[in-house]
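Take a look at the structure below.
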Amino acid sequence: MRALYSLAWLVALPIVLIRLIWRSRAEPGYRKNLAERFSLYRSPPVGPVIWVHAVSLGETRAAAPLIKQLMVRNPSHRILLTQTTASGRKAARELFDDRVLTAWLPWDIRFFMRTFLRHFRPSIGVIMETELWPNMILACSEARVPLCIANARLSERSATRYRSLGAFFRSTLQHVTLIAAQSDADAARFLSLGARNVHVIGNIKFDAQPDEAQIALGLHWRQRLAGRKLALIASTRDGEELDLLKALDRALPPQAAIAIVPRHPQRFDEVWQLIVKSDLRGCRRSRHEEPDNKTRVWLGDSMGELTAWYSAASVAVIGGSWKPYGSQNPIEACAVGCPVVVGPHTFNFEHVTKDALAAGAAIRVENAAQMADVVAQLLADEERRARIAEAARQFAATYRGATLRCLDLIEQLIAHR
């Protein structure tokens, strides 16, 4: 099975490379340092290295408190932060400047992974959330690099898919040194797949403090709206935007504004065309446009400003939950006191979504029409909206502390090196 997996990677590599170059048309960052994808790096770092892998923007921001604590507790080590997406790498530079080393994680081909580990010689690897690459995990075991899956989550859907791989995935997972899971349910799924040394620490994303500059930007936007209420549709995926926009346009009064922030930047222009074809008067953040009193839709086609959008909004509709994508994390919205509405498909964030619903920080509905009715009711009911906003802040504050619990486990692995 491993040989077939590796062969599949080799056969697919030209297609993967072409797709990456195609994607770089919308996100030029993908073209930079392309040799690193093939495990070709410049001179190796001097001294011991702690390697943290955060695949994309969300994981990179979630890893920030953990990385900062690792830097404080291990001043003799350099932190190597790897990503696979351009948005993640850009966020790494914005968060840390040159205080950490940054590199692309190579594609999951055994030779590339072995070369990567020989070049950087990490004392330990910390992989954020769900990056379970078989050749990477095996290469770490062969190189005797302890590997920790931090803030680990595993939906039942993903667990079922991994179970279908049988002994291949079970043996792969047994090479992971430590799993710091978000919840009891996540831990149970990892254990059922053969994982060992699994601990429940909670969700590190609760420890990420909202950026004050972004909050200030959002409040500035709210002032510029001059009393108009803003309904935000956040982190949408393909096939969701049109239904959500049409439903809100029908349900909301003319004085309300709608902001929409697609999950993936390569879809910004596509979503703008949807707005234009729907005959909705709109403006684009990337052009530094702000809505006037006749603008209905504001497209959030800029990167790294989701906290600002949540701070500006009176209510947030979480994308990815209206089609079977599994939703996005509601924590960032809750942390700034923005009431949340989610759809039926939240399997990637089921535990945190259920907790938010139980705390009164979020509302679940089944379809776009119900969502629009709920949003309209919330915009009209200041008192109810304020209660949900306060519940959201309390919910975000209650579950903090996972970073230090995870850090203590990682430090034990570093001490035994």
Side-chain angles (χ1 to χ4, degrees), residues 9-10 12-46 49-64 66-68 71 78-122 125-131 133 135-136 139 211 214 235 261-272 284-288 300-306:
W9 254 110
L10 289 171
L13 191 57
I15 299 170
V16 173
L17 181 59
I18 291 169
R19 183 177 179 274
L20 186 74
I21 294 171
W22 178 264
R23 191 171 180 179
S24 72
R25 298 172 65 204
E27 295 180 82
Y30 280 106
R31 289 195 296 270
K32 297 179 180 178
N33 307 104
L34 192 57
E36 295 177 0
R37 303 278 189 175
F38 298 90
S39 205
L40 298 172
Y41 302 96
R42 297 175 182 174
S43 38
V46 176
V49 169
I50 296 172
W51 163 40
V52 179
H53 177 62
V55 58
S56 191
L57 175 65
E59 290 82 3
T60 301
R61 287 180 173 167
L66 182 63
I67 291 171
K68 290 173 182 177
M71 293 167 70
R78 293 297 306 273
I79 303 295
L80 166 66
L81 181 55
T82 59
Q83 282 96 12
T84 58
T85 68
S87 59
R89 189 152 179 168
K90 181 182 178 183
R93 289 193 297 269
E94 292 172 350
L95 288 166
F96 299 107
D97 298 320
D98 59 353
R99 291 179 294 159
V100 304
L101 304 171
T102 56
W104 294 122
L105 185 73
W107 286 305
D108 196 39
I109 294 171
R110 202 164 177 179
F111 173 76
F112 292 170
M113 286 298 175
R114 286 172 168 175
T115 304
F116 168 81
L117 293 171
R118 281 198 301 268
H119 180 86
F120 289 105
R121 304 182 310 277
V126 180
I127 312 301
M128 297 298 296
E129 297 203 6
T130 55
E131 286 290 282
W133 295 105
N135 283 331
M136 174 188 72
D211 185 280
Q214 289 296 306
S235 299
V261 182
R263 170 70 174 168
H264 298 119
Q266 65 267 29
R267 298 191 58 250
F268 287 160
D269 288 338
E270 175 188 342
V271 175
W272 176 247
R284 301 184 67 162
R285 167 64 178 157
S286 64
R287 298 174 182 169
H288 302 288
D301 55 348
S302 55
M303 294 298 295
E305 293 186 336
L306 194 54

To the nearest 0.5 Å, tell me how far H264 NE2 sits from S56 OG. 7.0 Å
Would you say the side chain of F268 lies within less than 4.5 Å of the side chain of R284, judging by non-hydrogen atoms? yes
Among L117, I50, I79, L80, find the residue that satisfies the side chain to side chain contact (heavy atoms under 4.5 Å, CB included) test when tested with P122. L117
How close do P28 and A26 get, heavy atom to heavy atom, and via which atoms? CD-O, 3.6 Å
About how many Å separate CG of L20 and CG of L13, when rounded to the nearest 0.5 Å? 10.5 Å
Of all heavy-atom pairs linking V46 and R78, the shortest is O-CG, 4.3 Å
If I compare all heavy atoms of Q83 with all of A92, which pair ends up nearest, and what's the gap? NE2-CB, 3.5 Å
Looking at P45, is its backbone amide N or carbonyl O close enough to the side chain of H119 to form a donor-acceptor pair, meaning the two atoms are under 3.5 Å apart? no
Start with the C-alpha gap between E129 and V55, add the side-chain angles, then the distance that decides, and say whether side chain to side chain contact (heavy atoms under 4.5 Å, CB included) holds. CA-CA 9 Å; E129 297 203 6; V55 58; over 6 Å; no
Residues N33, R89; criterion side chain to side chain contact (heavy atoms under 4.5 Å, CB included); working and verdict: CA-CA 11 Å; N33 307 104; R89 189 152 179 168; 3.4 Å; yes
Rounded to the nearest 0.5 Å, the NE2 atom of H288 sits from the CZ atom of R285 at a distance of 6.5 Å
All heavy atoms of E131 vs all of H53, minimum pair found to be OE1-NE2, 3.3 Å
Within the structure provided, determine whether P106 and Y41 are in side-chain contact (heavy-atom separation under 4.5 Å). yes
Hey, does L57 have a side-chain heavy atom less than 4.5 Å from the side chain of T85? no
Nearest 0.5 Å, what's the CD-OG1 distance between E94 and T60? 10.5 Å
Are F96 and L81 packed together at the side-chain level, in the sense that at least one heavy-atom pair is separated by less than 4.5 angstrom? yes
Roughly how far apart are M113 CE and I109 CD1, rounded to 0.5 Å? 9.0 Å
With ring centroids as reference points, do F112 and F116 lie under 6.0 angstrom apart? no
Where M303 and S87 come nearest, the two heavy atoms and their spacing: CE-CB, 3.4 Å
With the side chain counted from C-beta on, respond yes when T82 and E36 share a heavy-atom pair under 4.5 Å apart, and no when they do not. no
How long is the span from the OG1 atom in T115 to the CG atom in L40, to the nearest 0.5 Å? 8.0 Å
Any side-chain heavy atom of L105 within less than 4.5 Å of one from W51? yes
Taking the side chain as C-beta and beyond, is there a heavy-atom pair between L66 and V52 under 4.5 Å? no
Heavy atoms, side chains only, cut-off 4.5 Å: are L34 and L17 in contact? yes
Please, which pairs that meet salt bridge (Lys or Arg N to Asp or Glu O under 4.0 Å) have at least one residue in residues 19-32, sequence neighbours excluded? R23-E27
Would the number of heavy atoms belonging to other residues, nucleotides or ligands and lying under 6.0 Å from CZ of R287 be above 12? yes
According to side chain to side chain donor-acceptor pair (under 3.5 Å), does anything in residues 97-108 pair up with another residue at least two apart or in another chain? List the pairs. Y5-D108
Please find the pair of heavy atoms, one from V261 and one from G300, that lie closest to each other, and give the distance. CG1-O, 3.6 Å
